[in-house]
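For reference, the structure is listed below as structure tokens.
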Amino acid sequence: MSTVAAETPDVAPPAGGKKKKIIIITVAVLALAGGGTGAFFMLKGKPAEVTAEGKAGARADGGAKGDDKAAQKRDPKVKPTFIPLESFTVNLADKENERYAQVVFSIEAADSATGDAIKAHLPAIRGRVLMTLSSKSAADLGGREGKVMLAKEILADARKAMDLPETSQALVDVHFSHFVMQ
């Protein structure tokens, strides 16, 4: 009986195969570590506010976020409450042209109890804001400064409607989500 030895050729893996696997694994680990580090610093830092122009860091008082003493005193565990208001469409006070503005914003309250108070006073707040908006011209609302001043006036209107003192920190800021003038 003759045995036939099966000839199996010695097949060596390609020389670059192990190197490719090591490089791919190294890149994947670095990407995950970089993503995790980036996420850590993003979540650790304070979120930036976005204005109507899309620039981060603007506040209704015109200062930078880090300059606001009330923001520094706020408890980071307490989530702010945002009360969105319906769209405002008004004729502007321009005498030479018929112009209008359409504005949508939210009022940031320090806590949910203040948010409930805003909702209870919403008709009075809307009435005051409509009067303020309709007294403005396109030049008054143009540019960043005009929008910052409008946000201050809206906060003042809301405080008056709610019978709060002008220095009250219960209403924190106004955040525009839509601002169109034509």
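Given the structure is predicted, the values throughout are model-derived calculations rather than measurements. Values reported hereafter were calculated over all heavy atoms of this structure, with side chains retained and with hydrogens, waters and symmetry mates removed.
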query = Do H175 and F82 have their ring centres less than 6.0 Å from each other?
reply =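 When the ring centroids of H175 and F82 are compared, they turn out to be within the sub-6.0 Å range.
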
message = Check for me whether the distance between the ring centres of F179 and F105 falls short of 6.0 Å.
response =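 No; F105 has its ring centre 6.0 Å or more from that of F179.
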
Validation row: [X], [Y] side chains within 4.5 angstrom (heavy atoms):
X: K119; Y: I83; answer: yes
X: I107; Y: T81; answer: no
X: R159; Y: L155; answer: yes

Nearest heavy atoms of [X] and [Y], plus distance in Å:
X: A151; Y: V174; value: O-CG2, 3.7 Å
X: P84; Y: S106; value: CA-OG, 3.4 Å
X: V172; Y: A109; value: CG2-C, 4.0 Å
X: D140; Y: S135; value: OD2-O, 4.4 Å
X: S134; Y: A93; value: O-CB, 3.6 Å
X: A138; Y: D94; value: N-OD2, 3.1 Å

ask   = Stepwise, does the side-chain contact (heavy atoms from CB on, under 4.5 Å) test hold for L85 with V104?
value = CA-CA 7 Å; L85 278 76; V104 180; over 6 Å; no

Reported [atom1]-to-[atom2] distance for the pair [X] and [Y], which is rounded to 0.5 angstrom:
X: E108; Y: T114; atom1: CD; atom2: OG1; answer: 11.0 Å
X: H178; Y: S87; atom1: NE2; atom2: OG; answer: 6.0 Å
X: D157; Y: M131; atom1: CG; atom2: CE; answer: 10.0 Å
X: L150; Y: E145; atom1: CG; atom2: CD; answer: 13.0 Å
X: L92; Y: N97; atom1: CG; atom2: CG; answer: 10.5 Å

key: Intermediate values then yes/no, side-chain contact (heavy atoms from CB on, under 4.5 Å), L171 and M162   = CA-CA 10 Å; L171 304 181; M162 296 173 65; 4.1 Å; yes

Donor-acceptor pair, side chain of S112 and main chain of G115, under 3.5 angstrom =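 Such a contact is absent between S112 side chain and G115 backbone.
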
request  = Determine, step by step, whether V103 and V129 satisfy the side-chain contact (heavy atoms from CB on, under 4.5 Å) criterion, reporting the C-alpha distance in whole Å, the side-chain angles of both residues, the deciding distance to 0.1 Å, and the verdict.
outcome  = CA-CA 10 Å; V103 180; V129 170; over 6 Å; no

ask   = Salt bridge between E153 and K136, side-chain N to carboxylate O under 4.0 Å?
value =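 Salt bridge flag = yes for K136 with E153.
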
message = Between E166 and K160, is the salt bridge (charged side-chain N to carboxylate O under 4.0 Å, His left out) condition met? List the steps.
response = CA-CA 8 Å; E166 290 181 25; K160 286 178 188 173; 5.9 Å; no

message = Test of understanding: clusters of I, L, V, M, F, W, Y form through side-chain heavy atoms closer than 4.5 Å, transitively. Do Y100 and L133 belong to the same one?
response =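 No, because Y100 and L133 fall into different hydrophobic clusters, even though each may have its own neighbours under 4.5 Å.
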
task = Check the hydrophobic clustering (I, L, V, M, F, W, Y; side-chain heavy atoms under 4.5 Å; chains of links allowed) and say if M181 and L130 are grouped together.
result =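 Yes.
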
